[in-house]
2 protein chains.
Amino acid sequence: MSSGVLTIGDLSKATGVKVETIRYYERIGLLPAPDRTSGNYRAYGNSDLGRLSFIRRARDLGFGLEQVRELLSLSDQKQRSCEAVDVIARDHLADVDRKLADLKALRRELDSIIRHCGRGTIGECRIIEALAPIDPRH
Amino acid sequence: MSSGVLTIGDLSKATGVKVETIRYYERIGLLPAPDRTSGNYRAYGNSDLGRLSFIRRARDLGFGLEQVRELLSLSDQKQRSCEAVDVIARDHLADVDRKLADLKALRRELDSIIRHCGRGTIGECRIIEALAPIDPRH
DNA sequence: GTTGACCCTGTAGTTACTACAGGGTGTAGT
DNA sequence: ACTACACCCTGTAGTAACTACAGGGTCAAC
């Protein structure tokens, strides 16, 4: 490949995003479809690399693809107010907090159940017991 | 419906699991396919209700469907050692802990970024900046 | 020319649901 | 008997975000 032109593999190595995932992002419109080489290879430029890095970072922070799409759109509008970005980020943070709370509650319960697990048989198993119907009325 | 026979709707109301999800569980073999009424309605018994309750509780604790399948199988073997159950539960707890750690790290970074977000324009936005490529070499 | 890494498109699978579409059943009310 | 409405049925496809082939083409080094 000639200097200045990047292959999909180059982008993958540079960002840690898989080739298949990059093609997926193109399919769903997150990444623009680049020009092609004479061999039909995708020919990316540095701006594509920058955009993919942005996507990767946002994904790593847990933003959903649609949120990433919005953030990308906003990032192109330099004169626009920062507020929309703030809203997206705060909504997401609130979502993360909810997930954290749920996961903590789950962990607490699970830990409690496991802590009481002895070394007997299934018939006496506290874990199974905790999952079983409460009212084994015969 | 006659006394003692439960419809899929009955099970749904009793456990909070959706009708469609119950049919899904039957399809993947988690729930046995029950007898049918003359009108082709599913005719469940109390043991089916018990089994679905078990599944629901295990799902609520975050166990994956395959883990639930194993737990159900183990729960039928009363004389068997409790150890297999213990392993499944501890593996799952370790998984939950990993997720918790990841989510906490994510939250920390996200919070830090948001905290520095001012009230300017996108061009000055710290959130966008944090996501953008590090080396905007022109 | 050969070889091996990489590229391409298209299709389907992962996990755990979820949502129709189109049609049948059961029950209460008129 | 008819009507209305809630519920049931099967089959199909969609959700989110990837991921993994299959089968075939390209590129560069040897």
Side-chain angles (χ1 to χ4, degrees), chain A residues 1-3 5-31 33-44 48 52 54-72 91-92 95-96 99 102-103 106, chain B residues 1-3 5-31 33-44 48 52 54-72 92 95-96 99 102 106:
Chain A
M1 296 295 289
S2 60
S3 160
V5 171
L6 303 164
T7 63
I8 196 169
D10 294 331
L11 260 62
S12 177
K13 288 195 199 66
T15 61
V17 181
K18 290 190 176 171
V19 164
E20 293 161 328
T21 308
I22 299 175
R23 284 199 281 251
Y24 170 64
Y25 289 158
E26 179 187 310
R27 205 153 58 240
I28 62 174
L30 262 195
L31 276 180
D35 291 336
R36 295 298 179 104
T37 65
S38 57
N40 202 31
Y41 280 27
R42 289 170 173 78
Y44 294 104
D48 298 307
L52 186 60
F54 187 105
I55 293 170
R56 174 66 195 276
R57 277 205 207 91
R59 288 291 303 128
D60 281 347
L61 286 177
F63 288 101
L65 288 185
E66 283 314 305
Q67 286 174 317
V68 175
R69 200 190 296 276
E70 282 183 57
L71 289 173
L72 280 168
D91 280 352
H92 177 46
D95 199 42
V96 169
K99 282 175 184 155
D102 287 349
L103 207 51
L106 185 159
Chain B
M1 296 293 292
S2 59
S3 161
V5 171
L6 302 164
T7 64
I8 195 169
D10 295 329
L11 259 64
S12 177
K13 288 195 199 63
T15 60
V17 180
K18 291 190 174 171
V19 164
E20 291 160 331
T21 308
I22 298 174
R23 286 200 280 250
Y24 170 64
Y25 288 160
E26 179 187 309
R27 206 151 59 238
I28 63 174
L30 261 196
L31 275 182
D35 291 337
R36 294 298 178 104
T37 65
S38 57
N40 202 31
Y41 280 27
R42 290 171 172 77
Y44 293 103
D48 297 309
L52 186 59
F54 187 104
I55 294 169
R56 176 64 197 275
R57 277 202 206 93
R59 288 291 303 127
D60 281 349
L61 286 177
F63 288 102
L65 289 184
E66 282 313 305
Q67 287 173 317
V68 175
R69 198 190 298 277
E70 283 182 58
L71 289 172
L72 280 168
H92 178 47
D95 199 44
V96 169
K99 280 174 186 156
D102 287 349
L106 183 161

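Numbers restart at 1 for each chain; the letters A, B, ... are given by sequence-line order, proteins then strands.
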Is the phosphate of [N], meaning OP1 or OP2, less than 4.0 Å from a side-chain N or O of [X]?
| X | N | value |
| --- | --- | --- |
| B:Y25 | C:dC17 | yes |
| B:Y24 | C:dT15 | no |
| B:K18 | C:dA19 | yes |
| A:T21 | D:dT19 | yes |

Rounded distance (Å) that lies between atom [atom2] of [N] and atom [atom1] of [X]:
| X | N | atom1 | atom2 | result |
| --- | --- | --- | --- | --- |
| B:R59 | C:dT15 | CZ | P | 12 Å |
| B:E20 | D:dA13 | CD | P | 16 Å |
| B:I22 | D:dC7 | CD1 | C1' | 13 Å |

Would you call [X] and [Y] a side-chain contact if the rule is heavy atoms closer than 4.5 Å?
| X | Y | value |
| --- | --- | --- |
| B:Y24 | B:L65 | yes |
| B:R42 | B:R23 | yes |
| A:D10 | A:Y44 | no |

B:L61 backbone acceptor or donor facing B:H92 side chain under 3.5 Å: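 Yes; at least one donor-acceptor contact below 3.5 Å.
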List for me each residue that meets salt bridge (charged side-chain N to carboxylate O under 4.0 Å, His left out) alongside B:R56, sequence neighbours excluded, and say none if there are none.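 So B:R56 forms a salt bridge (charged side-chain N to carboxylate O under 4.0 Å, His left out) with B:D60.
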A:E66 bridged to A:R69 by N-O distance under 4.0 Å: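 Yes, A:E66 and A:R69 are salt-bridged.
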Does any residue of residues 61-72 of chain B have a heavy atom under 4.0 Å from DNA chain D, and if so, which ones, in number order?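 Contacting residues: none.
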Minimum heavy-atom separation for B:L72 to B:L30, with atom names?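 The pair with the smallest heavy-atom distance is CD1-CD2, 3.9 Å.
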Any chance you could lay out the side chain to side chain contact (heavy atoms under 4.5 Å, CB included) test for B:V17 and B:I55, step after step, and finish with the verdict? CA-CA 10 Å; B:V17 180; B:I55 294 169; over 6 Å; no
Using a cut-off of 4.0 Å between protein heavy atoms and nucleotide atoms, how would you tag nucleotides 4-11 of chain C 5' to 3' with B, S and -? --BSBB--
